[in-house]
Number of protein chains: 2
Amino acid sequence: MKIHKPTKPKGTKRKNDILDAFTRCVRKQGYAKTSMVDVAKEAKVFPSNLFYYFDSKDELLRLCFKEQCDVIVRGLEKTKNYDIEGKIEYVADFLFIESKSVNHFTTGFMYEAIGISISDPILSQYKTEMDNCCKRLLADVFVNIDAVESTRNEKAEILYSLLAGSKLNGYFDADHGPEHGKVAFKKVMRIFCNQDMQWPAN
Amino acid sequence: MKIHKPTKPKGTKRKNDILDAFTRCVRKQGYAKTSMVDVAKEAKVFPSNLFYYFDSKDELLRLCFKEQCDVIVRGLEKTKNYDIEGKIEYVADFLFIESKSVNHFTTGFMYEAIGISISDPILSQYKTEMDNCCKRLLADVFVNIDAVESTRNEKAEILYSLLAGSKLNGYFDADHGPEHGKVAFKKVMRIFCNQDMQWPAN
């Protein structure tokens with residue numbers, strides 16, 4: 001007799017279906033206007049069934065936000081496979097070119113969740129963890145350019161802020177969308193990679 | 001007989017009291033968790049009375065967000081009174097030093113509202129208007145440095161994105177708070193004001 005062993009914990013598929021349904025609801029109407037009843041309808045389950053898997057809308061948001069933070073960090077980790085010119089191209093493409101995992105919708109979702117993190121310590125902690133990982137990875141880009149660690153960190157800090165701000169502003173401005181943000185981001189990376197440039201003192 | 005003419009439309013004081021109460025509620029518990037009943041309690045009015053002045057919580061948010069956008073634009077407008085070194089100092093101080101009108105709370109409020117603008121066209125329009133005004137004012141800083149208008153606009157775009165991102169990231173990161181953001185912002189302004197620097201081509 002052949003025994004079927006489950007490869008995933010019970011209910012994983014149902015949980016993922018609910019998360020997908022939640023994502024579709026947020027995409028259509030934003031997080032604030034999405035209710036647990038909407039999610040249940042979209043996932044074709046009874047609301048009571050949905051609450052068996054997830055305690056609240058906040059829990060759904062946290063799981064999706066954490067997943068998207070991980071996507072960004074895993075993407076930036078790949079930067080280390082390239083030479084300096086390749087790093088510039090890779091980072092700019094990964095962050096600013098629409099893909100399945102990083103696109104207009106995920107950008108909006110991230111900023112909606114970040115808005116809510118202002119009053120949600122768990123979301124805020126996820127954001128801080130992502131920020132620290134990304135800044136460390138960006139600082140590594142300059143390891144053969146700047147001998148001084150504090151300069152590398154400062155450049156990473158600036159690039160990461162520029163990234164956050166240009167994704168945000170580009171989201172709202174059709175005339176200065178992601179392609180425009182990409183060009184500006186690459187220019188600053190090039191300026192920062194120029195070894196002739198004297199880094200300003202405090 | 002002396003006739004008293006009202007200097008403000010009837011109910012202005014009450015409206016402002018309600019807006020102040022709303023601000024205090026958001027400061028305490030965030031926008032998402034603030035209800036109209038909370039605002040009514042805080043303003044010491046009956047909820048029905050509150051709805052006489054404001055249709056919804058969204059309307060309160062829009063009014064406060066618009067007001068805060070105007071604070072930023074009016075602040076940056078004063079940049080034109082300074083020489084180049086003064087402009088750098090003034091912009092950095094205005095945006096990064098805690099004051100009555102620009103501080104940790106207003107920063108959090110702005111980003112919470114911007115998160116909601118993702119699915120609110122009116123908020124989103126206010127943000128776009130503020131963005132365009134601020135970028136125009138920042139571009140003017142370089143009027144005696146860059147003859148080419150597109151370079152001035154590109155520098156302004158980058159500085160404005162850097163500003164948005166570093167205010168946002170600094171909000172969540174106690175180790176890299178506003179003072180840290182100010183130093184980084186000034187360094188980039190100084191790099192951009194250096195006339196020896198060759199601006200990268202596309």
Side-chain angles (χ1 to χ4, degrees), chain A residues 26 28-34 58 107-120 124-125 127-128 131-132 135 154-155 157-174 176 180-181 183-192 194 197-202, chain B residues 26 28-34 58 107-120 124-125 127-128 131-132 135 154-155 157-174 176 180-181 183-192 194 197-202:
Chain A
V26 174
K28 271 187 284 188
Q29 62 206 45
Y31 176 74
K33 291 186 178 64
T34 294
D58 286 358
T107 302
F109 173 76
M110 288 298 272
Y111 286 104
E112 197 169 5
I114 289 170
I116 296 162
S117 353
I118 303 290
S119 52
D120 182 325
S124 149
Q125 192 197 320
K127 171 163 162 52
T128 306
D131 291 351
N132 291 338
K135 284 190 275 189
E154 223 169 8
K155 286 183 175 179
E157 191 87 37
I158 290 168
L159 280 173
Y160 188 63
S161 292
L162 173 61
L163 166 65
S166 63
K167 290 289 285 184
L168 176 66
N169 293 335
Y171 182 88
F172 288 98
D173 183 352
H176 297 91
H180 195 88
V183 172
F185 186 79
K186 277 171 71 176
K187 286 196 181 185
V188 178
M189 276 203 100
R190 278 193 212 294
I191 294 169
F192 284 7
N194 179 356
M197 206 246 315
Q198 184 80 34
W199 191 245
N202 276 4
Chain B
V26 174
K28 272 187 281 186
Q29 62 205 47
Y31 176 74
K33 292 187 177 62
T34 294
D58 286 358
T107 302
F109 173 75
M110 287 298 271
Y111 285 104
E112 196 169 6
I114 288 171
I116 297 162
S117 347
I118 304 288
S119 52
D120 183 325
S124 149
Q125 192 197 321
K127 170 162 163 53
T128 306
D131 291 351
N132 292 337
K135 285 190 276 189
E154 225 168 6
K155 286 182 176 178
E157 189 87 34
I158 290 169
L159 281 172
Y160 189 63
S161 292
L162 173 61
L163 165 65
S166 63
K167 291 289 284 182
L168 176 66
N169 293 336
Y171 182 88
F172 289 98
D173 183 352
H176 297 91
H180 194 89
V183 172
F185 186 79
K186 276 171 72 177
K187 286 197 181 186
V188 177
M189 278 204 98
R190 277 194 212 295
I191 294 169
F192 284 7
N194 179 355
M197 206 247 316
Q198 184 78 34
W199 190 245
N202 276 5

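Just so we're on the same page: letters track the sequence lines, and every chain starts at 1.
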In short, B:Asn169 meets A:Lys127 closest at the heavy-atom pair OD1-NZ, 2.7 Å

Smallest heavy-atom separation, B:Glu154 atom then A:Val183 atom, equals OE2-CG1, 4.1 Å

Applying side chain to side chain donor-acceptor pair (under 3.5 Å) to A:Asn132 and not counting sequence neighbours gives none

Measure distances from [X] to the heavy atoms of chain B and classify the residue's part below 4.5 Å as side chain, backbone, both or neither.
X	result
A:Lys135	side chain
A:Ala201	backbone
A:Gln29	backbone

Under a 4.5 Å cutoff for heavy-atom pairs, which residue among [options] has the most contacts with chain A?
options	answer
B:Thr107, B:Leu162, B:Leu159, B:Val188	B:Leu162
B:Ile114, B:Asp173, B:Ile116, B:Asn194	B:Ile114
B:Phe172, B:Trp199, B:Tyr111	B:Phe172

Looking only at heavy atoms and a cut-off of under 4.5 Å, which of [options] has the most pairs with chain B?
options	answer
A:Gly181, A:Gly170, A:Gly108	A:Gly108
A:Val26, A:Leu168, A:Thr128	A:Leu168
A:Ala32, A:Ser117, A:Gly30	A:Ser117
A:Ala184, A:Pro200, A:Gly115, A:Ser161	A:Ser161

Could you walk me through whether B:Tyr31 and A:Ile118 pass the side chain to side chain contact (heavy atoms under 4.5 Å, CB included) test, one step at a time? CA-CA 9 Å; B:Tyr31 176 74; A:Ile118 303 290; over 6 Å; no

Residues two or more places apart in sequence or in another chain: which of them pass salt bridge (charged side-chain N to carboxylate O under 4.0 Å, His left out) with B:Lys155? B:Asp146

Measure distances from [X] to the heavy atoms of chain A and classify the residue's part below 4.5 Å as side chain, backbone, both or neither.
X	value
B:Lys33	side chain
B:Ser124	both
B:Met110	neither
B:Phe185	neither

From B:Ile191 atom CD1 to A:Met197 atom CE, the distance as rounded to the nearest 0.5 Å: 4.5 Å

